[in-house]
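This report refers to the structure that appears directly beneath it.
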2 protein chains.
Amino acid sequence: MQPTQLNEAQDRFVAVWGQMGSAWGISRTMAEVHALLYITGEPLCTDDIMERLRISRGNASMSMRALLDWGIVERVHRRGDRKEYFKAESDVWAMFRAIVRERMKREVDPLRAQLYEIRDQTGERAGERAGREQGPDFLAHNKRLDELLRFFQTLEGVSNSFVSPAGRGLQAAAKILGYIGGAAIGPGKDAGDTKEAG
Amino acid sequence: MQPTQLNEAQDRFVAVWGQMGSAWGISRTMAEVHALLYITGEPLCTDDIMERLRISRGNASMSMRALLDWGIVERVHRRGDRKEYFKAESDVWAMFRAIVRERMKREVDPLRAQLYEIRDQTGERAGERAGREQGPDFLAHNKRLDELLRFFQTLEGVSNSFVSPAGRGLQAAAKILGYIGGAAIGPGKDAGDTKEAG
DNA sequence: CGGAAGTTTCAGAAACGATTGAAAATCAGC
DNA sequence: GCTGATTTTCAATCGTTTCTGAAACTTCCG
């Protein structure tokens, strides 16, 4: 393998993707491993990753496991080779659907549950119990909580539409919206064509 | 102010919101300050925040500044009081529009720019220069980069539609989608009504 | 079985980002 | 332009998260 041009571009991509990961609350290394697998396009084994990214075996193993859990990387077995290889999901939309699905499940759903609990804590019953003077404050507090809750409920619905098998429709809608939005409002960047990705 | 029920619920909300912040790459304290202002509903000054959240003056000041920059908190002046007070945006949708706008500007746009640069590095010209054997690899590499780029372009468009003044339309669409998605695909949670939030 | 190849776990170390607190800057009113 | 109240800045410190490396484990094959 020649260590120029392509490798250099790959390394840059890995760095950029890793940086983005940390801005969104994903461990930098995990994002880097994913970036390497994605940009490389071919299955790599733990040792390849350790070497290329200069990370420890433990770290490589943990990151791989996490990516597997997220469903954006899959195991690949090669005949006559005991090592496990890993390959990144190569369809960008499928990848983002998986990410959205997981983040909703891990972060938004629990958040909603907790918000509901808090809301119950000051429900109509509780407000009355606390005394007549507190009424207005309780009411306003509950209203704010309810608005948030309603927002997250909508978010949940949109995300379900996007994530589901039928979500392809939303994806198409997004492309159209993206096109319109980009053309009508954006800074006039080249909007490209609208040809299908899948 | 009685230190029961309502305060307790507020504290819980602050904690939950702060936790969520850190999962999304926002400083926990900043999210907590915002949570406090949001759930409290009324303007608070630096000292109020320091006291309630038990944080230093410097931290409170920095966090406030950051929230102001994000456009989800505004200054409030009171006659006969030199102190500055701060109040959180109370419209949930406006708040999320602001957050989306800022995150796109700060993280997605620079990412796109860097991706473009990397793409240029291995553009058609560069590929030819590097030798005929590398052709297929370069091509595949560029294809992957292009797919990502196209995805982010669509995202940019959707976000513009959502964020713009005309974005109210998208918001309404989101509600409908949320309703359909939630009812048709979700685990049958109570879908609530579709009454307007604004 | 025994052992080689590969993978996972985890306690401690290192790196990183967040927080403090005191000093410097700013500002309103006199 | 001084004074005292308020806000901002920033180097030092602290706390959390991530990473390492070696040991434990699992799996496959002869």
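In what follows, every chain begins at residue 1, and chains take the letters A, B, ... in the order their sequences are listed. Just so it is clear, the model here is predicted, and its values are computed rather than measured.
If you check every strand for non-hydrogen atoms under 4.0 Å, M64(B) touches nothing. Residue contacts for S61(A): at a heavy-atom cut-off of 4.0 Å it reaches a base atom on one of the strands shown.
Considering only residues two or more places apart in sequence or on other chains, E117(B) meets the side-chain contact (heavy atoms from CB on, under 4.5 Å) condition with R12(A).
The nearest whole Å value for the distance from the CD1 atom in I26(A) to the P atom in dC16(C) is 19 Å. Following rounding to the nearest Å, E84(B) (CD) and dA28(C) (P) show an atom-to-atom distance of 10 Å. Taking atom CZ of R78(B) as the reference point, atom P of dA5(D) lies 20 Å away to the nearest angstrom. When the C1' atom of dA24(C) is taken as reference, atom CE of M62(B) falls 14 Å away, rounded to whole Å. Regarding Y85(B), its OH atom lies at a distance of 14 Å from the C1' atom of dT7(D), rounded to whole Å. Nucleotide dA11(D) holds its C1' atom 15 Å from the CG atom of N59(B), rounded to whole Å. A straight line from CG of D47(A) to P of dT8(C) spans 13 Å, rounded to a whole angstrom. Atom pair H77(A):NE2 and dC28(D):P shows a separation of 9 Å (rounding to whole Å applied).
Checking dT20(D), dT8(D), dT20(C) against every side-chain atom of R57(B), the shortest atom distance belongs to dT8(D). Closest to the S27(B) side chain, of the nucleotides dT19(C), dT20(C), dT20(D), is dT19(C).
Side-chain contact between L145(B) and H141(B) is present, with at least one heavy-atom pair separated by less than 4.5 Å.
Taking 4.0 angstrom as the limit, S63(B) places none of its side-chain polar atoms (N or O) nearer than this to OP1 or OP2 of dA18(C). Residue R28(B) places at least one side-chain N or O closer than 4.0 Å to OP1 or OP2 of dT19(C). Note on T46(B): every side-chain N or O is 4.0 Å or more away from OP1 and OP2 of dT6(D).
By the 30° and 60° cut-offs, the orientation of the rings of Y38(A) relative to F13(A) is tilted.
At a threshold of 4.5 Å between side-chain heavy atoms, the hydrophobic network of Ile, Leu, Val, Met, Phe, Trp and Tyr places Y85(B) and V33(B) in two separate groups.
When each of M30(A) and F86(B) is assigned the nucleotide of DNA chain D bearing its nearest heavy atom, the one mapping closer to the 5' terminus is F86(B). Each of R65(A) and S22(A) was matched to the nucleotide of DNA chain C holding its nearest heavy atom; the match closer to the 5' end belongs to R65(A).
With hydrogens and angles ignored, the 3.5 Å screen pairs a side-chain donor or acceptor of S63(B) with a backbone N or O of N59(B).
Between the side chain of R82(A) and the base of dT27(D), a donor-acceptor pair under 3.5 Å is found.
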